[in-house]
Every structure is written in structure tokens, then in C-alpha cells.
Amino acid sequence: MHDLIRQLLAELGEDPDREGLLRTPQRVAKALEFLTSGYSADIDEVLNDALFTVDYNEMVIVKDIDFYSLCEHHLLPFFGKCHVAYIPRTRVIGLSKIPRLVDVFARRLQIQERMTNQIAQTIKEKIDPLGVAVICEGTHLCMSMRGVEKQNSFAVTSAMLGAFHDDARTRMEFLELVRTRSGAAVTNTPGLACIGD
């Protein structure tokens, strides 16, 4: 990979042997390894048996989880907040495991829509809750640094499963508790948060 990065620097018109760039290939390789570490993560190991049987069937919410990811179209960062809720049937997940689960899917080449669904589907699969809701709010550098260059825009994506999908009151309770940062309407309409041009 180091040779590829050196070649890229040269293609950009830089001198890969310049003092400031001598160790750049190693730094970039190490950064990319970390930023894509979600591919090698084992979900069961991340959850580490932190699944507990409980007699509790009210909403559990972990909100304002920071995430950082790379857009698969341009390899530029997108980042923001993730809000996760579920209604237990018989089991709950240790609260600290939910941000770790978000990291697993964020540390991949992603689109925000897919990441949102992966988080929700994994919680559904692991604890079979009555419902799962995930909202991600992301700022995409591929929209603010290039392309349309809209610095203040952000994308909101949601996945509503089970009770959150079927029961409008449950969904509204979650949305009111989360209160997305701009009051933007949350929709399940599919689309690309990042345009692959």
C-alpha cells in the first residue's frame, strides 16, 4: 500500500521524497487500517456476552453517539450523531455496547443509509426486541468540500423496525425524545446521502 500512496502523491504533482511527505505513506496506511477496522470486527466479540435477560419492556435509548466514517464514493469523511432505541422483549444489551456497535459499522467504507440499517438489523437479530429505531445525522465532506459545496447541510437517515414502524405513537415518542438537531423531518425514503459523481 505504501508504494500506491507514494505513486498517488507523485500523480498529484508532489514529491514523495520531500521531508514532510517521507512518512506520509505509512501514516495514511495506518489511518486507513484504523478507519476500516469494522470489516474485521466480530459482532459477538464486540457485544462480549453483554446480553441480559430482564423483565422490562419500556424504551431504551442511547442518543448522541458520535460516529466517523468514510464515504464509499469518494473516500471522504462523513460524521455526526447516531441515536439508537429499542423496546426489549426479554433481553437487553449492555449500554456501552451500543456505541461500540455503531463504531463497527461506521469504520467501513459506507453510505449513511446502509450504516443506519445495519445497526438496526444487528440489534434486531441479537436480542429480538419488540422494536428498534436508529437515526443518524451526518455531515458529508463530499457535499461540503466538493460537488455542491453546501457547508451547512447534513443528511438524516432512519431505520424503524417492529413497534417503531407499526405504531405511530411509539415512533413519535422516540422522535420527541431524540429531537433531531434541526427539527428536520425524518423519513424512511431510500436515497443516497452522497452522490457518486
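Sequence positions, counted from 1, serve as the residue numbers for this chain.
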key: side chain to side chain contact (heavy atoms under 4.5 Å, CB included) between T170 and H165, intermediate numbers included   = CA-CA 8 Å; T170 301; H165 179 271; over 6 Å; no
Is it true that a side-chain atom of [X] and a backbone atom of [Y] form a donor plus acceptor pair closer than 3.5 Å?
X	Y	answer
R108	G38	yes
R171	F164	yes
R107	T36	no
Y39	L109	yes

Once rounded to the nearest 0.5 Å, what's the spacing between atom [atom1] of [X] and atom [atom2] of [Y]?
X	Y	atom1	atom2	answer
L21	E14	CG	CD	5.0 Å
D166	L161	CG	CG	9.5 Å
N117	I111	CG	CD1	9.0 Å
F154	M143	CZ	CE	10.5 Å
S69	M115	OG	CE	6.0 Å
F79	C71	CZ	SG	13.0 Å

Check [Y] with [X], please: is the shortest side-chain N to carboxylate O separation under 4.0 Å?
X	Y	result
D66	K81	yes
D44	K126	yes
E173	R169	no

Full working for side chain to side chain contact (heavy atoms under 4.5 Å, CB included) between M59 and L177 = CA-CA 10 Å; M59 198 178 299; L177 289 169; 4.3 Å; yes
Taking all non-hydrogen atoms of both residues, which atom of [X] and which atom of [Y] are closest, and how far apart?
X	Y	result
I61	A85	CG1-CB, 3.7 Å
N48	K97	CB-NZ, 3.7 Å
I87	A163	CD1-CB, 4.2 Å

ask   = In terms of heavy-atom contacts, does NZ of K124 have more than 12 from other residues, nucleotides or ligands at under 6.0 Å?
value =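 No - once you tally the heavy atoms of other residues, nucleotides and ligands closer than 6.0 Å, there are 12 at most.
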task = Step through the shown structure and confirm whether more than 12 heavy atoms of other residues, nucleotides or ligands are within 6.0 Å of CD on E33.
result =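 No.
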When hydrophobic residues are tied together by side-chain contacts of less than 4.5 Å, even through go-betweens, does [X] share a cluster with [Y]?
X	Y	value
M1	L12	no
L8	M145	no
Y86	L175	no
V178	V62	no
V84	M160	no

Does any part of the side chain of [Y], heavy atoms only, come nearer than 4.5 Å to the side chain of [X], both counted from C-beta?
X	Y	value
F105	T116	no
C82	I135	no
L35	Y68	no
L47	I43	yes
R6	P25	yes
L22	D17	yes
F174	E176	no

query = Just checking, is any N or O donor in the side chain of Q112 or T157 under 3.5 Å from an acceptor N or O on the other one?
reply =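 Q112 vs T157: donor-acceptor pair found between side chains.
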query = Using a distance-only test with no angle check, is there a side-chain donor-acceptor pair under 3.5 angstrom linking R114 and Q118?
reply =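 Side-chain D/A pair, R114 to Q118: absent.
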request  = Starting from the C-alpha separation in whole Å, work towards a yes-or-no answer on side chain to side chain contact (heavy atoms under 4.5 Å, CB included) for R18 and L9.
outcome  = CA-CA 11 Å; R18 182 165 64 78; L9 290 170; over 6 Å; no
request  = Report the relative orientation of the aromatic rings in F67 and F78; use parallel for angles under 30°, tilted for 30 to 60°, perpendicular for over 60°.
outcome  =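 Perpendicular: the ring planes of F67 and F78 meet at over 60°.
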request  = Can you spot which of T53, I93, T122 makes a side chain to side chain contact (heavy atoms under 4.5 Å, CB included) with I127?
outcome  =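 Testing each of T53, I93, T122 against I127, the sole residue satisfying side chain to side chain contact (heavy atoms under 4.5 Å, CB included) is I93.
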request  = Going by the side chain to side chain contact (heavy atoms under 4.5 Å, CB included) test, name the single residue among L141, L76, L32 that passes it with L70.
outcome  =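 It is L32; the other options fail the test.
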request  = I would like to know whether V60 and L95 meet side chain to side chain contact (heavy atoms under 4.5 Å, CB included); could you show each step before the answer?
outcome  = CA-CA 9 Å; V60 176; L95 292 176; 3.9 Å; yes
